Amino acid sequence: MAEIAVGIDLGTSNTCVSMMQNGEVKVLENAFGERTSASVVHFHEDGSVEVGNSAKAKVIHAPAQTVRSAKRLIGRYHFSEEVKKAQAVYAYEIVEAPNHGVRIEIREEEFSLPEISAMVLREMKQIAERHAGDNVTQAVITVPAYFNDNQRQATKDAGRIAGLDVLRILNEPTAAALAYGFGMGLNQRVAVYDLGGGTFDISVLEIGKDIFEVLATCGDTFLGGDDLDDRIIDLLADDFVGKYKINPRNDPYAYEKLKLAAENAKKALSIDEETLVVIDEVMKSAEGETLGLERTITRSEFSQLTHDLIMRTFKVCDEALQQSDLTVRDLDGVILVGGPTRLPMIREAVAHYFQQEPRGDVDPDEVVSIGAAIHAASLVGEAPDSMLLDVTPLDLRIGVAGGLAEPVIERNTPVPIEQTRTFTTFQDHQESVQIRVYQGDHRQADENAMLGQFEFSGFSKGLRSDVKIDVTFEINADGIVKVTASDQATGQEASTQITLSSGLAEEQIERIIEQDVAGRVATGAKAESAAQKQIAPITINGDVPGATAAKVDFVEYSPFGDGKTDLSEGFDNDIKLGDVSEAELDLVDDDELIQLTQEADMDIGAEGITLEMPADQAPDDDDDGLFETSGGDLAGPQIQLTDEKK
Amino acid sequence: MNAAIDPLEISALVRIMDELDYYQLLNVDPKASTTDIRKAYHASSRSFHPDANRTLNEDLRGHCGNISKRITEAYCVLRDSRRRSAYDSKRAEGDSLRIKLADAKTSHTKQRKAQARGATPQGRQFHAKAESDLKAGNLAGAIQNLQMALTFEAGNVGFKALVAELRERRKASSERPS
């Protein structure tokens, strides 16, 4: 009996499931004959759950009971920008859980994001089972390449809750490249331009027959087709305000109608030069009068409205090419992924940027799920092997003194990878140390995503800098991070070997699985007969990032000096890097000296800073990160000068 | 499956792994070209990458995982000229068989910063002016300075995106007086 493993592209707007059967990949249709289903979950009064395009149709009538774009929220903290934005535009209730988690409250029940996504995945599982005529329990699930550890972990949890053994969390662009090049014996360099509903990824790959090596991946998890829609919504809403002096954005029902109209207009503009938006009733006036809207939108108008968003994607492409040491001329092909890439204006912009026409032979909505299915089949031995060598999208960092975060594993480092750093205690007879782990491009710790923190204790006590603690950072092939601490002297492992996660604790996941939350998903065919189940309230007992005021410091062990200074006393930071290591001395080259002179001319931070400097004295860091590394730039050459005198 | 590798070989390799330098680990000559190093990384991945070993027992899979991580580390160092020369000098001194990735900066680190701020002195200068304009809330000034920056670096997509964004912002603020 052949093993069945499916590939699922769990998208922000739509989800697609594929399966390899008899050496052929098929996109599986749902009960209504549709090849993709809306990633929308509607909760009925009786507690049963409906998923897909029919659920999406309910948004207009019951926006508060209909959850869409859950992917924008999964693995995020309640205080994050994205969650605030979602609270402003979505009618469903988004509440805060302990541990800064996010829950969706519907009909007085709370659901975590992995549970919501699990419902979508359960629907896909059922679709696959209908086609396979058998149980389907194994899957490869794709995520945006730029997803961080929290988001990946939460997606994997969703798979488990849905009753799936997640064989691999695969990056969407990598899956697309596999679908494009599988079994073709290609020797090509390709770029995958993936503009989805809520995220943008660009990956540059080198394909050598059955080896798919990702050279670099960059992205923006705040940019997608939804943002294009938002520009049309704004246009329509401003028109409406101009006409009636009432803001339809404040009425959830009216907003949903505008959103739907915007989406349809966007799709129409993929085909037509212009489109007429007609909404008979956006909302009623205070006097009960029906207020409608009619507006023609042309392609060029739409293109102007979204020009800056499209430009943002090319800024990201620039980065990816630079990181892969390539220029657009080195690329043999450009693959488009995601519904929005059907828009002619995007195709044109992409062709212009890459100086070549994008490939026309891949379906941007299905290619990711097809790639995932190929990889799934290969993992269970049902398809010829292809090696996917992927990278981590973000710098993995550890929190150090001064509110800073030092990189341990740089972005675009291939995975799986492991790095160990040695730290030492900061005080005599210190009993514990706090380790905080971040992912992101910023030197300021706060501007990165915090993956988690843990306290390591129980190591041998001793004088400061005598105790050596190894902290090991691992990123596995799923892009999921694990951090462990151990005491060199005693070999004592961290009592808290944590899987860093802002989301659900293991016990919670097990409880949810036991309650079979995903089981509420009625199959499209028999939606009426779902039984109501009582769900116990969920209690949270995970780590609370940022909540503990750590008092204990420790420093990175350095053979070149103990690195202790009194500067960091009084800060509630945990780890302090020691003196700049020898390797760094060797590596400062002349280019950087030149850069120093130029930057000094420009008067960006007249003094060099060292890592021990408190945050409030560091050069101003801008939100856009343009100046984020000025401190580091200047610290290097400073050392170089000393070195030269020797 | 790929994993035609002998379990004994896996156990042996994991035992002596710490005594191998990156070249030995990838089974390449210390003078090997980047292309050869990449080929060696591919070949080793075929044997040891977690995707290639799903049929092995848990112990062996664990070993393969450890080897795979070390191979990746070796590749990360040897494929980058800057990292590789740092490693070579360390290795020549008999200092260490391994190097921390974060200690040896890649050739990209620098470029990344340069690109965001501009690649030419003039570009950087006008971009810096635009930045201070922005801080002072002078949107029009910032746009003007960025346009100047673009005359020196017409291809700088970062600048272009920023101009587009600022124009959008200016438009929005003029349309919605508040």
Side-chain angles (χ1 to χ4, degrees), chain A residues 167-168 206 208 211 213 238 307-308 311-312 314-315 317-319 322-323 325 353 375 378-381 385 387-389 406-410 412-421 474 476-477 581-584 586-587 589 591-592 595 598-599 601-604 622 624-627 629 633, chain B residues 1-2 38-39 41-42 45-46 49-52 54-55 65-66 68-70 72-73 75-76 82-83 85-86 89-90 99-117 121 124-125 127-128 131 134-135 156-158 160-165 167-168 172 175-176:
Chain A
L167 301 176
R168 170 74 66 240
E206 187 160 313
I211 299 229
E213 183 186 351
D238 287 352
H307 179 70
D308 60 311
M311 289 306 288
R312 246 169 80 190
F314 295 125
K315 189 178 171 185
C317 293
D318 257 14
E319 248 177 72
Q322 200 171 35
Q323 291 255 309
D325 279 329
Y353 175 85
H375 196 52
S378 135
L379 289 177
V380 297
D385 281 337
M387 289 304 313
L388 305 184
L389 303 172
E406 279 301 307
V408 178
I409 299 174
E410 274 192 326
N412 288 317
T413 298
V415 291
I417 186 95
E418 186 179 281
Q419 289 282 290
T420 300
R421 303 296 295 259
E474 184 193 343
N476 71 13
S581 67
E582 186 188 40
E584 204 157 333
D586 291 336
L587 288 167
D589 59 29
D591 292 4
E592 268 181 352
Q595 214 177 340
Q598 284 169 344
E599 272 160 10
D601 286 347
M602 283 163 63
D603 201 26
I604 302 171
D622 257 66
D624 56 18
L626 292 180
F627 293 148
T629 41
D633 275 354
Chain B
M1 291 297 289
N2 279 334
R38 165 168 284 152
K39 276 186 191 152
Y41 165 62
H42 291 173
S45 297
R46 259 184 224 284
H49 190 277
D51 282 352
R54 301 192 73 90
T55 50
N66 289 333
S68 177
K69 286 183 281 189
R70 191 68 67 84
T72 314
E73 180 183 310
Y75 176 59
C76 282
R82 226 172 147 206
R83 272 191 177 146
S85 63
S89 45
K90 238 186 150 181
I99 191 170
K100 283 171 194 159
L101 293 177
D103 285 347
K105 296 261 158 34
T106 64
S107 337
H108 297 125
T109 325
K110 247 180 350 197
Q111 292 172 11
R112 206 164 126 190
K113 296 164 197 160
Q115 177 73 19
R117 290 187 209 162
R124 275 197 292 273
Q125 208 179 336
H127 175 252
E131 281 294 318
L134 264 187
K135 270 191 193 141
N156 191 316
V157 183
K160 282 191 216 164
L162 196 55
V163 173
E165 189 191 315
R167 284 204 183 115
E168 197 57 43
E175 275 172 4
R176 277 179 233 147

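Lettering follows sequence order; numbering is per chain, from 1. Since we're looking at a predicted model, the values are computed, not measured.
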A.B. asks: Minimum heavy-atom separation for H49(B) and V415(A), please, with both atom names.
C.D. replies: NE2-O, 4.3 Å
A.B. asks: Could you report the tightest heavy-atom contact between P407(A) and A102(B), atom names first, then the distance?
C.D. replies: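 Shortest heavy-atom contact: O-CB, 3.3 Å.
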A.B. asks: At what distance, to the nearest 0.5 angstrom, does CD of E418(A) lie from CG of L101(B)?
C.D. replies: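 Reported to 0.5 Å precision, the distance equals 11.5 Å.
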A.B. asks: Do NZ/NE/NH1/NH2 and the carboxylate oxygens of R83(B) and E410(A) come within less than 4.0 Å?
C.D. replies: yes
A.B. asks: Between E474(A), R312(A), Q419(A), M311(A), who has the most heavy-atom pairs with chain B when the cutoff is under 4.5 Å?
C.D. replies: Q419(A)
A.B. asks: Atom CG in D385(A), atom CZ in R46(B): separation rounded to 0.5 Å?
C.D. replies: 9.0 Å
A.B. asks: Give, for atom NZ of K100(B) and atom CD1 of I409(A), the distance between the pair rounded to the nearest 0.5 Å.
C.D. replies: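 Interatomic distance, K100(B) NZ to I409(A) CD1, rounded to 0.5 Å: 13.0 Å.
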A.B. asks: Does T72(B) reach the main-chain N or O of P416(A) with its side chain, forming a donor-acceptor pair under 3.5 Å?
C.D. replies: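 Indeed, once roles are kept as given, a pair shorter than 3.5 Å links the two residues.
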A.B. asks: Answer yes or no: is there a side-chain heavy-atom contact under 4.5 Å between H42(B) and M387(A)?
C.D. replies: no
A.B. asks: Any side-chain heavy atom of D51(B) within less than 4.5 Å of one from H375(A)?
C.D. replies: yes
A.B. asks: Taking the side chain as everything from C-beta on, heavy atoms only, tell me whether D308(A) gets closer than 4.5 Å to R167(B).
C.D. replies: no
A.B. asks: Could you tell me if the side chain of E213(A) sits less than 4.5 Å from the side chain of Y41(B), heavy atoms only?
C.D. replies: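 A side-chain contact under 4.5 Å exists here.
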A.B. asks: Side chain, backbone, both or neither: which part of I211(A) has an atom under 4.5 Å from a heavy atom of chain B?
C.D. replies: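 The side chain, not the backbone.
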A.B. asks: Given that the side chain runs from C-beta out, which part of R38(B) has a heavy atom under 4.5 Å from chain A: side chain, backbone, both or neither?
C.D. replies: side chain
A.B. asks: Can you measure from SG (C76(B)) to CG (N412(A)) and round to the nearest 0.5 angstrom?
C.D. replies: 10.0 Å
